[in-house]
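Here the structure comes first, spelled out in structure tokens, and everything after it is commentary.
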Amino acid sequence: MIDFDAVWRFQDEERTEVNACLGDCIWDLNYNPVRQCIEMELERHLDDEELALLSSQLTLPADYDGEGMSGSMFVIYPW
């Protein structure tokens, strides 16, 4: 069973970290129950330096997931 309270807390934590690092630039942030991860797409495409900076600031394990329609995408693993 999915603990949605925990998912919401994790999403709020990641939103705070992105805002502190890059400013308010999250396009989409949602939980994917099939992949059991939080998927995040930004409003802009990050260069290599910004990708490294954001990845080092996230407190949960995360992987860069490519470029989406709006911006850079990440997969965040809360479990």
Side-chain angles (χ1 to χ4, degrees):
M1 182 168 185
I2 299 170
D3 181 357
F4 283 105
D5 285 335
V7 170
W8 291 324
R9 283 192 309 273
F10 292 139
Q11 287 176 325
D12 188 48
E13 181 180 321
E14 297 311 305
R15 183 177 303 280
T16 300
E17 292 166 357
V18 170
N19 288 348
C21 185
L22 301 173
D24 186 18
C25 68
I26 294 178
W27 174 258
D28 188 29
L29 183 68
N30 62 67
Y31 181 72
N32 182 327
V34 174
R35 292 174 76 181
Q36 296 185 347
C37 67
I38 296 169
E39 297 173 327
M40 176 175 69
E41 183 172 359
L42 303 178
E43 291 179 343
R44 61 189 177 99
H45 300 279
L46 303 180
D47 61 28
D48 290 341
E49 187 175 310
E50 291 172 313
L51 286 171
L53 176 64
L54 180 58
S55 295
S56 70
Q57 296 300 312
L58 298 176
T59 57
L60 294 173
D63 289 325
Y64 170 67
D65 201 32
E67 296 298 316
M69 295 293 290
S70 296
S72 299
M73 300 184 335
F74 292 84
V75 177
I76 303 163
Y77 304 99
W79 321 117

Original post:
Is S72 reaching over with its side chain to a backbone N or O of L46, donor-acceptor style, under 3.5 angstrom?
Top reply: yes
**OP:** State whether the number of non-hydrogen atoms from other residues, nucleotides or ligands found under 6.0 Å of D5 atom CG is greater than 12.
**Re:** yes
Subject >> Short side-chain to backbone donor-acceptor contact, E41 and S70, under 3.5 Å >> reply: yes
Subject >> CA sep, side-chain torsions, deciding dist, call: L42, W27, side chain to side chain contact (heavy atoms under 4.5 Å, CB included) >> reply: CA-CA 5 Å; L42 303 178; W27 174 258; 5.8 Å; no
Original post:
Looking at D24 and E43, what are the two nearest heavy atoms and their distance?
Top reply: O-OE1, 3.8 Å
**OP:** Determine yes or no for a side-chain-to-main-chain donor-acceptor pair under 3.5 angstrom, with E13 supplying the side chain and L58 the backbone.
**Re:** no
**OP:** Using distance alone, with no hydrogens and no angle criterion, decide if D28 and N30 have a side-chain donor and acceptor under 3.5 Å apart.
**Re:** yes
Original post:
Pick from V18, L51, I38: which one makes a side-chain contact (heavy atoms from CB on, under 4.5 Å) with F74?
Top reply: L51
Subject >> Side-chain donor/acceptor of E17 to backbone N/O of T59, under 3.5 Å >> reply: yes
**OP:** Looking only at non-hydrogen atoms, find the nearest pair between P78 and C37 and report the distance.
**Re:** CD-CA, 4.1 Å
Original post:
Excluding sequence neighbours, so at least two apart, what forms ring pair (Phe, Tyr, Trp, His ring centres under 6.0 Å) with F10?
Top reply: W79
Original post:
Sub-3.5 Å donor-acceptor pair from the side chain of E50 to the main-chain atoms of D47, do we have one?
Top reply: yes
Original post:
How far apart are the C-alpha atoms of E39 and Y31, what are their side-chain angles, what is the distance that settles it, and do they pass the side chain to side chain contact (heavy atoms under 4.5 Å, CB included) test?
Top reply: CA-CA 6 Å; E39 297 173 327; Y31 181 72; over 6 Å; no
**OP:** Sort and list the pairs that fulfil salt bridge (charged side-chain N to carboxylate O under 4.0 Å, His left out) and have at least one residue in residues 54-73, not counting sequence neighbours.
**Re:** R35-D65
Original post:
Are the side chains of L29 and I26 in touch, meaning some heavy atoms are under 4.5 Å apart?
Top reply: yes
**OP:** Assess whether atom CZ of R44 is packed by more than 12 heavy atoms of other residues, nucleotides or ligands within 6.0 Å.
**Re:** yes
Original post:
With clusters built from Ile, Leu, Val, Met, Phe, Trp and Tyr whose side-chain heavy atoms come within less than 4.5 Å, directly or transitively, what are the remaining members of the cluster of Y77, listed by chain and number?
Top reply: V75
**OP:** Work out which heavy atom in L53 is nearest to a heavy atom in C21; give both atom names and the distance.
**Re:** CG-SG, 3.5 Å
